[in-house]
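To start, the structure itself, in structure tokens.
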Amino acid sequence: MKIIAIGRNYIEHAKELNNPIPKEPMFFMKPETAIIKNNKPFFYPDFSKDIHYETEIVLVINKVGKNIEPKFAHRYFDEIALGIDFTARDLQQVCKEKGKPWEIAKAFDGAAPISESIYKNKFEDLSNLNFSLEINDQLVQQGNTRDMIFTYDVLIAYVSKFVTLKIGDLIYTGTPAGVGPVKIGDRLVGKIENTVLLDFLIK
Ligand code: ZN
């Protein structure tokens, strides 16, 4: 399986990192070794001093697909999850300045914690979903999927032009504003609507 992560899909987040508002989606990938499941702890890596959380709605792909048309894209996922796109912001900044790829900042071990997945039909409206992150009981990030620049359908269509989607692939759909650092000892609690889906420690 593979993890496809969308960058800059919320206007306020693009602005907070001084990035232009994109005209088409952008994505990068993380390997399977980035996954952390079952709320196991994240171990702070020694190569960064500025690991940031990015809280994201994740689509769980249920079907093989290539060149998927937007109107059929909803058929390619039945479940969603909540994920964190951990980013070594200090390394990413250097990559951006030097025009290097982002993998060392985004694809490292443990950089993609993910919750259990939930049937999408449990939610009234996937394009109006509140999700949030608290660190040590303080609300640090709160988003709503209606603020996505590119919808799920557009993202699936775009990604599948370049990369065949397979069963079990994950698409992290981008983070709203409010990203920031974590430190050892923090407890991260992530919710979709009022359901706690992530609850894990930084060690
Ligand atoms: Zn992200």
Side-chain angles (χ1 to χ4, degrees), residues 3-30 52-63 65 68-87 89 106 112-135 137-163 165 169-180 182 188-199:
I3 302 165
I4 295 135
I6 308 297
R8 300 171 196 167
N9 200 24
Y10 287 79
I11 290 174
E12 293 305 319
H13 171 62
K15 281 189 193 162
E16 75 181 341
L17 295 183
N18 294 316
N19 290 314
I21 309 303
K23 297 213 165 42
E24 60 185 6
M26 61 162 287
F27 68 89
F28 54 88
M29 292 169 81
K30 297 181 185 240
H52 276 203
Y53 57 81
E54 296 187 357
T55 314
E56 313 200 359
I57 297 290
V58 181
L59 311 180
V60 183
I61 297 298
N62 66 356
K63 219 187 289 225
I68 299 163
E69 287 183 56
K71 65 179 174 189
F72 298 128
H74 65 277
R75 298 181 185 171
Y76 288 79
F77 68 101
D78 285 327
E79 297 178 17
I80 65 168
L82 192 65
I84 306 289
D85 166 19
F86 274 129
T87 304
R89 197 70 74 201
K106 288 282 198 182
I114 187 160
S115 73
E116 62 183 304
S117 50
I118 300 176
Y119 279 101
K120 65 180 183 185
N121 295 343
K122 281 203 163 182
F123 300 102
E124 218 165 275
D125 182 0
L126 285 185
S127 57
N128 182 11
L129 270 188
N130 291 298
F131 60 106
S132 65
L133 182 71
E134 292 168 20
I135 300 186
D137 298 321
Q138 294 253 349
L139 182 66
V140 293
Q141 212 177 12
Q142 187 160 37
N144 186 296
T145 54
R146 68 174 168 248
D147 298 323
M148 292 170 75
I149 299 170
F150 302 105
T151 61
Y152 308 121
D153 293 349
V154 170
L155 296 176
I156 287 171
Y158 183 81
V159 170
S160 72
K161 272 202 266 189
F162 302 94
V163 180
L165 296 178
D169 287 352
L170 302 173
I171 301 183
Y172 281 57
T173 58
T175 195
V179 301
V182 295
L188 277 62
V189 173
K191 298 178 187 169
I192 298 180
E193 296 296 345
N194 289 318
T195 305
V196 172
L197 289 168
L198 289 170
D199 184 354

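Residue numbers start at 1 and run along the sequence shown.
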Taking C-beta and beyond as the side chain, do [X] and [Y] meet within less than 4.5 Å on heavy atoms?
| X | Y | answer |
| --- | --- | --- |
| I11 | D147 | no |
| V154 | P25 | yes |
| T55 | L188 | no |
| L82 | I114 | no |
| I171 | I156 | yes |
| F131 | L197 | no |

With a 6.0 Å cut-off on ring centres, are Y76 and F72 close enough?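 Between Y76 and F72, the centre distance exceeds or equals 6.0 Å.
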
Closest non-hydrogen atom pair between [X] and [Y], with its separation:
| X | Y | answer |
| --- | --- | --- |
| R75 | N62 | O-OD1, 3.3 Å |
| P176 | G143 | CG-CA, 3.7 Å |
| K30 | K106 | NZ-O, 2.8 Å |
| V58 | G83 | CG2-N, 3.6 Å |
| M148 | Y10 | CG-OH, 3.2 Å |
| E54 | R89 | OE2-NH2, 2.9 Å |

Identify the residue among N130, I57, I192, I80 that makes a side chain to side chain contact (heavy atoms under 4.5 Å, CB included) with T145.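 Among the candidates, only I57 passes.
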
Please evaluate residues V189 and L133 with respect to the criterion side-chain contact (heavy atoms from CB on, under 4.5 Å), reporting the C-alpha separation (whole Å), side-chain torsions for both, the decisive distance (0.1 Å), and the verdict. CA-CA 6 Å; V189 173; L133 182 71; 5.8 Å; no

Summary of salt bridge (Lys or Arg N to Asp or Glu O under 4.0 Å) pairs that have at least one residue in residues 116-130, sequence neighbours excluded: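 Passing the test, one end in residues 116-130: no pairs.
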
Could you grab the distance from atom [atom1] of [X] to atom [atom2] of [Y], nearest 0.5 Å is fine?
| X | Y | atom1 | atom2 | answer |
| --- | --- | --- | --- | --- |
| M29 | Y172 | CE | OH | 13.0 Å |
| L155 | L59 | CG | CG | 7.5 Å |
| E24 | M26 | CD | CE | 10.5 Å |
| D199 | S115 | CG | OG | 12.0 Å |
| I21 | N9 | CD1 | CG | 10.5 Å |
| F123 | I118 | CZ | CD1 | 4.0 Å |

Look at the side chain of [X] and the backbone N and O of [Y], then say whether any donor-acceptor pair between them is shorter than 3.5 Å.
| X | Y | answer |
| --- | --- | --- |
| E16 | G178 | yes |
| S160 | Y158 | no |
| D169 | I61 | no |

Counting only heavy atoms not in Y119, do more than 12 sit closer than 6.0 Å to its OH atom?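 At most 12 heavy atoms, drawn from other residues, nucleotides or ligands, come within 6.0 Å of this atom.
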
What do the steps show when you test V60 against F77 for side-chain contact (heavy atoms from CB on, under 4.5 Å), and what is the final call? CA-CA 6 Å; V60 183; F77 68 101; 5.6 Å; no

Going through the distances and angles, do V140 and V179 end up as a side-chain contact (heavy atoms from CB on, under 4.5 Å)? CA-CA 8 Å; V140 293; V179 301; over 6 Å; no

Parallel, tilted or perpendicular: rings of F162 and F27 (30°, 60°):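 It falls in the tilted class, 30° to 60°.
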
Residues D153, K71: salt bridge by 4.0 Å N-O rule: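 Result for this pair is no, no salt bridge flagged.
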
Looking only at the side chains, is there a donor atom on one of T175 and E56 sitting less than 3.5 Å from an acceptor on the other?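 No, E56 and T175 have no side-chain donor paired with an acceptor closer than 3.5 Å.
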
Is it true that S132 and K191 share a donor-acceptor pair across their side chains at a distance under 3.5 Å?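 The criterion, which ignores hydrogens and geometry beyond distance, is not satisfied for S132 and K191.
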
Can you sort out the partners of R8 under salt bridge (charged side-chain N to carboxylate O under 4.0 Å, His left out), two or more places apart, ordered by chain and number?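 Checked R8 against salt bridge (charged side-chain N to carboxylate O under 4.0 Å, His left out); zero matches.
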
Starting from the C-alpha separation in whole Å, work towards a yes-or-no answer on side-chain contact (heavy atoms from CB on, under 4.5 Å) for Y53 and I135. CA-CA 10 Å; Y53 57 81; I135 300 186; 3.5 Å; yes

